[in-house]
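Read the numbers this way: they start at 1 and go in the same order the structure lists the ligands and their atoms.
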Amino acid sequence: MPDWLKDAVFYEIYPQTFCDSNGDGIGDIKGIESKLDYVMSLGCNAIWLNPVYDSPFMDAGYDVRDYYKVAERYGTNDDLKHLFETAHEKGIKILLDLVPGHTSDQNEWFLKSKRPEKNDYTGRYIWTDCVWEAPPQYRLLCGITDRDGNYMVNYFSSQPALNYGFNKITHPAWQKSPTDPDCVATVEALKDIMRYWLNMGCDGFRVDMADSLVKNEDGEKPETCKVWKNVRAMLDKEFPDAAIVSEWCNPKVSVGAGFHSDFYLDHDTNGYRILFRDKNWETGECKAVFGKNGKGDITKFLDEYLDDLKGTKGKGYISFITCNHDTPRMTRMFSELEAKIAYSFIFMMPGVPFLYYGDEIGMKYMEGLTSKEGGFSRTGTRTPMQWDSTANCGFSTADADKLYLPVDTGADAVTVEKAEADPDSILNTLRKVIAIRHENTDLQSDGDFEVIYAVKEKYPFIFKRGEFFIAVNPTEDVQKAPFAFDCNTVFEIGNHSREGSYLVMQPQTISLLRLEK
Ligand code: NOJ
């Protein structure tokens, strides 16, 4: 386990829209480098960088054309190396984004794989054995290559699935076992890509759709897990300080497979959605636990979380995110104050937390944008970072109509400059919370988590972490709970008081308390 994860606080950077150093309207690596001091000022000591590889950008870079080359629009491999070096001088780690499940259909591997004659890449992707073979349960693209067969896609149609084999083989003529030499070669190719960037200085990877490798497997996905155990064994031997964080959203399984941490994501009806994102957009009804109308149920979240926490204890972590590039920013459903309380809570939780660029200033989800590079409804979460009051909010010196995406320049648009000047801004609040986290191991990744008060459909909820208590009342009403501990207040949004053996939480309050010695 890389030691640095014990106190890691990540900042996710979407390279397209973070900082444009050369005035071409799109963010770049030198721009990111120029903002490392800002990242440090937040208390973030690690970065997750979304894909920066060469790509036709049908899915914003998650369609990799060349795994070994930085996309020209972001700079060069040397620029990236320099970014790693500068970041390390400042004590910042950098995870690249690894896309193991698919490539672009313009990747050299695929261009060779789709040739009719047999070659080294014939088996690198999943192909049926003839073009008339197209079982509808598989996502196949048919009849569009000279090769006599159809190929499977992993996400969008431009992203053919790499071949890691099948667990349940239903069509033996073309479905391979994960131990087939072609599938083994795919895993080895993946490890080589990882080695290349790790040798250049990156500190590990966020792994895209980590659960999507071996096909036809449900539940705990044992064959996909075997691939990751193999990868992890390589890392432990060759790069013991490198970290891998999975997009899987099933921490017990993914950590068991070798990931150091796994994201809680905005999926279906899971615990993360229950906490922060449970809103019916048609009726406007919000049932998120952190919503101010108080309709959430913390016990539904805890049912899932406590089990995951137990299952990962001592082996790896759960990563809470403020948001990511795939999901609407919380400010779409929450007021600034609701978001501030929710974000503060995230940085008081165990595991390795992630802050999505712009959330620290309360950037909005921009409604009504035309899709960009396969963003669709995600596009509004990917707009340029708002730095200051100069043109394009300081993101770029290009003309506004040349920007990758429009920047929010409304009169009420938040910027880092404005947020810096306001002691109560989300920015200054999170700086305090993150600083307190760094000062106290009880509040870091490995610190304990114990439920003190969490009752179905009631507020507040109170948790204990070592000598700290976190009490939260996100609602607009005063809420009370039995609480028998003598404490000092370490940090607070809103305020609380004591009434005999009760803790009385004023509306929209989060309190971090420490046991009196
Ligand atoms: C998950 C990534 O976060 C998302 O942005 C991408 O579109 C898909 N995986 C496909 O790679």
Suppose I only count heavy atoms of [X] and a 4.0 Å limit; which atoms of ligand 1 are within that range?
{"X": "Arg378", "value": "4 (C), 5 (O), 6 (C), 7 (O)"}
{"X": "Glu247", "value": "1 (C), 3 (O), 9 (N)"}
{"X": "Arg382", "value": "5 (O)"}
{"X": "His102", "value": "10 (C), 11 (O)"}
{"X": "His325", "value": "2 (C), 3 (O), 4 (C), 5 (O)"}

- [ ] State whether Phe259 and Arg206 meet the cation-pi test: NZ (Lys) or CZ (Arg) under 6.0 Å from the six-membered ring centroid, and within 45° of the perpendicular axis.
- [x] no

Open item on the list: Is the distance between the ring centroids of Tyr151 and Tyr125 under 6.0 Å?
Closed with: no

- [ ] Verify whether the ring centers belonging to Tyr14 and Phe18 lie closer than 6.0 Å.
- [x]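 Centroid distance Tyr14-Phe18: not below 6.0 Å, so no.
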
Among protein heavy atoms, which sits nearest to [atom], and what does the distance come to when rounded to 0.1 Å?
{"atom": "atom 3 (O) of ligand 1", "answer": "Asp326 OD2, 2.4 Å"}
{"atom": "atom 6 (C) of ligand 1", "answer": "Asp59 OD2, 3.3 Å"}
{"atom": "atom 1 (C) of ligand 1", "answer": "Asp208 OD1, 2.8 Å"}

- [ ] Identify the two heavy atoms, one from Cys44 and one from Leu355, that lie closest to each other, and give their separation to 0.1 Å.
- [x]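 Minimum heavy-atom separation between Cys44 and Leu355: SG-CD2, 4.1 Å.
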
Task: Distance-minimising heavy-atom pair for Ala342 and Met330 - done: CB-SD, 3.9 Å

- [ ] Please round to the nearest 0.5 Å and tell me the distance separating atom CG of Leu98 and atom CE of Met209.
- [x]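 Separation between the atoms: 13.0 Å.
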
TODO: Using a 4.0 Å heavy-atom threshold (strictly under), name the region of Met58 that reaches ligand 1: side chain, backbone, both or neither.
DONE: neither

Task: Candidates Phe320, Phe276, Tyr272 - the one meeting ring pair (Phe, Tyr, Trp, His ring centres under 6.0 Å) with Tyr264 - done: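 The single option meeting the ring pair (Phe, Tyr, Trp, His ring centres under 6.0 Å) with Tyr264 is Phe320.
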
Open item on the list: Taking only non-hydrogen atoms of Glu373, do any sit less than 4.0 angstrom from ligand 1?
Closed with: no

